[in-house]
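The block underneath contains the structure these notes are about, expressed in structure tokens.
Read the numbers this way: they start at 1 and go in the same order the structure lists the ligands and their atoms. For this chain, numbers begin at 1 and follow the sequence in order.
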Amino acid sequence: MKVTIVGAGNVGASCADVISYRGIASEVVLLDIKEGYAEGKAMDLMQCATNTGFNTQIIGVTNDYSKTANSDVVVITSGIPRKPGMTREELIGINAGIVKSVAENILKFSPNTIIVVVSNPMDTMTYLTLKATGLPKNRIIGMGGALDSSRFRYYLSKALNKPSNDISAMVIGGHGDTTMIPLTRLASYNGIPVSEFLSQEALDKVAADTMVGGATLTGLLGTSAWYAPGASVAYLVDSILNNQHKMIACSVLLEGEYGQSDLCIGVPCIIGRNGVEQILNIELNDSEKEKFAKSVDAIRNMNADLASVL
Ligand SMILES: NC(=O)C1=CN([C@@H]2O[C@H](COP(=O)(O)OP(=O)(O)OC[C@H]3O[C@@H](n4cnc5c(N)ncnc54)[C@H](O)[C@@H]3O)[C@@H](O)[C@H]2O)C=CC1
Ligand SMILES: O=C([O-])CC(=O)C(=O)O
């Protein structure tokens, strides 16, 4: 199985690292516009092979899309990340043009591929990719919910003082500081509602910390995070390539689900070899519905800014 990752920067390289280390794909192509950069990242990663024991072949190329031909999955991480104090939405001006041209180039050589969109503002970049390529909706998947849900589980694990892997929790809605919806009502510690163990105040703090999880890391690191984003993309790619049918919150085109159409937003999906195999239209309570509607409005406003590139 072949995976191309466009953008060999922090997230792209970290994703290649996890994919190869875990043997998720036999071939990874890293492509970047910066001369020699992807080649260097690929060489560095390949020099891990003997000490970590993987067999994936990683190659790096500078803007040579012919080397990406017949990729099963393409991950788009190209574009700029935010700096402390910025929102993801502020990246649209530069990233929209990059994502659109990358998606068009990819399709020339991998017409049957599934595209995973990572570049921010991710929900709008996913919508742009869908509109620019005209691909069926099951083949365009925005990655944000996998990461936000892992952060939600991290903050719950800290509040509970229990391992993250014993916690089940999901974040839906937009991948933005104010648009995420951590589904606290449905979160559980080994099947027991977390509200059995944590006060409403503590749960509210966990939700608030989760929503600004990316901004917190950006403030600490000076650029946005990459280890958990890279691992989250690899988790999603694994479910696609190995047909795992995992339930993962992904940004996908809605056509009536949750009462919405013509936008991409994070909702629970079943992810397998055909990409989005199913969208789960779960029943939200009134407060969750209200948050979802606000998130939809914010994403629609952002999508309106695509008029100049579409
Ligand atoms: N959806 C999510 O959950 C997450 C999204 N992100 C987003 O992912 C993107 C990448 O973040 P980082 O890897 O930290 O940035 P980075 O700056 O480390 O890497 C981006 C790479 O894209 C390359 N690039 C730029 N234009 C290109 C083009 N036209 N063709 C090919 N390569 C091109 C750059 O040369 C650079 O190497 C950002 O937009 C960031 O906001 C980051 C983390 C999580
Ligand atoms: O925070 C950012 O800008 C990058 C990102 O999407 C994340 O780490 O969630």
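The part of Leu147 lying near ligand 2 is the side chain, judged by heavy-atom distances below 4.0 Å. Contact annotation: for Pro229 versus ligand 1, heavy atoms closer than 4.0 Å belong to the side chain alone. Proximity of Ile98 to ligand 1, defined as any heavy-atom pair under 4.0 Å, is confined to the side chain (atoms from C-beta onward). When non-hydrogen atoms are compared, ligand 1 lies under 4.0 Å from neither the backbone nor the side chain of Thr223. The backbone of Ile80, and not its side chain, has at least one atom closer than 4.0 Å to an atom of ligand 1 (non-hydrogen atoms only; backbone = N, CA, C, O). Counting heavy atoms closer than 4.0 Å to ligand 1, residue Arg88 contributes nothing at all. With a 4.0 Å cut-off on non-hydrogen atoms, Met180 does not touch ligand 2 at all. For Asn10, heavy-atom contacts with ligand 1 shorter than 4.0 Å involve the backbone as well as the side chain.
Close N/O approach between Ser224 and ligand 1 is not found [any backbone or side-chain N/O within under 3.5 Å]. Remark: ligand 2 and His175 share an N or O pair separated by less than 3.5 Å (distance only, no angle test). For a threshold of 3.5 Å applied to N or O pairs, the pair formed by Val117 and ligand 1 contains no separation below that value. Polar contact check, Asn95 against ligand 1: a nitrogen or oxygen pair lies under 3.5 Å apart.
Contact annotation: the side chain of Ser232 approaches that of Met143 to within less than 4.5 Å [non-hydrogen atoms, C-beta and beyond]. At least one side-chain heavy atom of Met46 sits under 4.5 Å from a side-chain heavy atom of Gln57. Within the 4.5 Å cutoff, the side chain of Ile270 has heavy atoms near those of the Leu280 side chain. Within the 4.5 Å cutoff, no side-chain heavy atoms of Tyr227 are placed close to those of Asn10. Annotation: side chain of Glu104 is not in contact with side chain of Thr133 (no heavy-atom distance under 4.5 Å). The closest side-chain heavy-atom distance from Val252 to Ile140 is not below 4.5 Å.
Counting atoms of ligand 2 from 1 in the listed order, those under 4.0 Å from a heavy atom of Arg82 are 1 (O), 2 (C), 3 (O). Close contacts of ligand 1 with Leu147, meaning ligand atoms under 4.0 Å from a residue heavy atom, involve 3 (O), 44 (C). For ligand 1, the atoms lying closer than 4.0 Å to a non-hydrogen atom of Val6 are 31 (C). Near Met122, meaning under 4.0 Å from one of its heavy atoms, ligand 1 places the atoms 1 (N). Set against the non-hydrogen atoms of Tyr37, the atoms of ligand 1 under 4.0 Å away are 37 (O). Every atom of ligand 1 is numbered from 1 in the order shown, and the set under 4.0 Å from a heavy atom of Leu91 is 41 (O). Of all atoms in ligand 1, numbered sequentially from 1 with element shown, those under 4.0 Å from a heavy atom of His175 are 1 (N), 2 (C), 3 (O). Interface of Lys34 with ligand 1, defined as ligand atoms under 4.0 Å from a residue heavy atom, comprises 35 (O).
Its side chain outside the 4.5 Å cluster rule for every partner, Met122 clusters with none of the Ile, Leu, Val, Met, Phe, Trp and Tyr residues.
When each of Ile92, Leu310, Asp123, Leu263 is tested with Asn303 by the rule side chain to side chain contact (heavy atoms under 4.5 Å, CB included), just one qualifies, namely Leu263.
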Could you walk me through whether Thr4 and Ser71 satisfy the side-chain hydrogen bond (donor to acceptor under 3.5 Å, both in side chains) test, starting with their C-alpha distance in whole Å, then the side-chain angles of each, then the deciding distance to 0.1 Å, before giving a yes or no? CA-CA 6 Å; Thr4 286; Ser71 293; 2.7 Å; yes

**OP:** Could you go through the side-chain hydrogen bond (donor to acceptor under 3.5 Å, both in side chains) check for Glu39 and Thr62 one step at a time?
**Re:** CA-CA 7 Å; Glu39 288 86 338; Thr62 303; 2.9 Å; yes

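Ser224 CB, 3.4 Å is the protein heavy atom nearest to atom 4 (C) of ligand 2. Protein heavy atom in closest approach to atom 5 (C) of ligand 1: Val118 O, 2.9 Å. Scanning the protein for heavy atoms near atom 11 (O) of ligand 1, the closest one is Val11 CG2, 3.8 Å. Looking only at protein heavy atoms, the nearest one to atom 41 (O) of ligand 1 is Asn120 ND2, 2.9 Å. Among protein heavy atoms, the minimum distance from atom 10 (C) of ligand 1 is reached at Thr77 O, 3.0 Å. Remark: minimum distance from atom 8 (O) of ligand 2 to any protein heavy atom is reached at Arg151 NH2, 2.8 Å. What sits closest to atom 33 (C) of ligand 1 on the protein, heavy atoms only, is Ser78 CB, 3.5 Å. Looking at atom 1 (N) of ligand 1, its nearest protein heavy atom turns out to be Met143 O, 2.8 Å.
With distances taken over non-hydrogen atoms, the option nearest atom 20 (C) of ligand 1 out of Gly7, Gly12, Gly79, Ala146 is Gly79. Counting heavy atoms only, Asp32 comes closest to atom 34 (C) of ligand 1 of the residues Val116, Asp32, Asp148. Nearest residue to atom 28 (C) of ligand 1 from Leu217, Ile33, Leu31, Asn105 is Ile33 (criterion: closest heavy atom). For atom 17 (O) of ligand 1, the nearest non-hydrogen atom from the set Ser251, Ala228, Gly9, Pro81 belongs to Pro81.
Remark: Glu90 CD to Ile80 CD1 distance equals 9.5 Å, nearest 0.5 Å. To the nearest 0.5 angstrom, Asn242 atom CG is 7.0 Å from Met1 atom CE. A distance of 11.5 Å separates NZ of Lys205 from OG of Ser199, quoted to the nearest 0.5 Å. If you take CG on Asp166 and CG on Leu156, they are separated by 12.5 Å, rounding to the nearest 0.5 Å. To the nearest 0.5 Å, the span separating OG1 on Thr124 from CD1 on Ile299 amounts to 6.5 Å. Here the straight-line distance linking atom CG of Asp17 with atom SG of Cys48 works out to 6.0 Å at 0.5 Å rounding.
Heavy-atom distances between Trp226 and ligand 1 stay at or above 4.0 Å for every pair. Not close to ligand 2: Met122, with no non-hydrogen atom less than 4.0 angstrom away.
No donor-acceptor distance shorter than 3.5 angstrom exists from the side chain of Ser295 to the backbone of Phe292, with no hydrogens or angles considered.
Among pairs with a residue in residues 264-273, those fulfilling side-chain hydrogen bond (donor to acceptor under 3.5 Å, both in side chains) read Asp72-Arg273, at least two apart in sequence or across chains.
Salt bridge annotation for Asp286-Lys291: absent, with no cationic side-chain nitrogen under 4.0 angstrom from a carboxylate oxygen.
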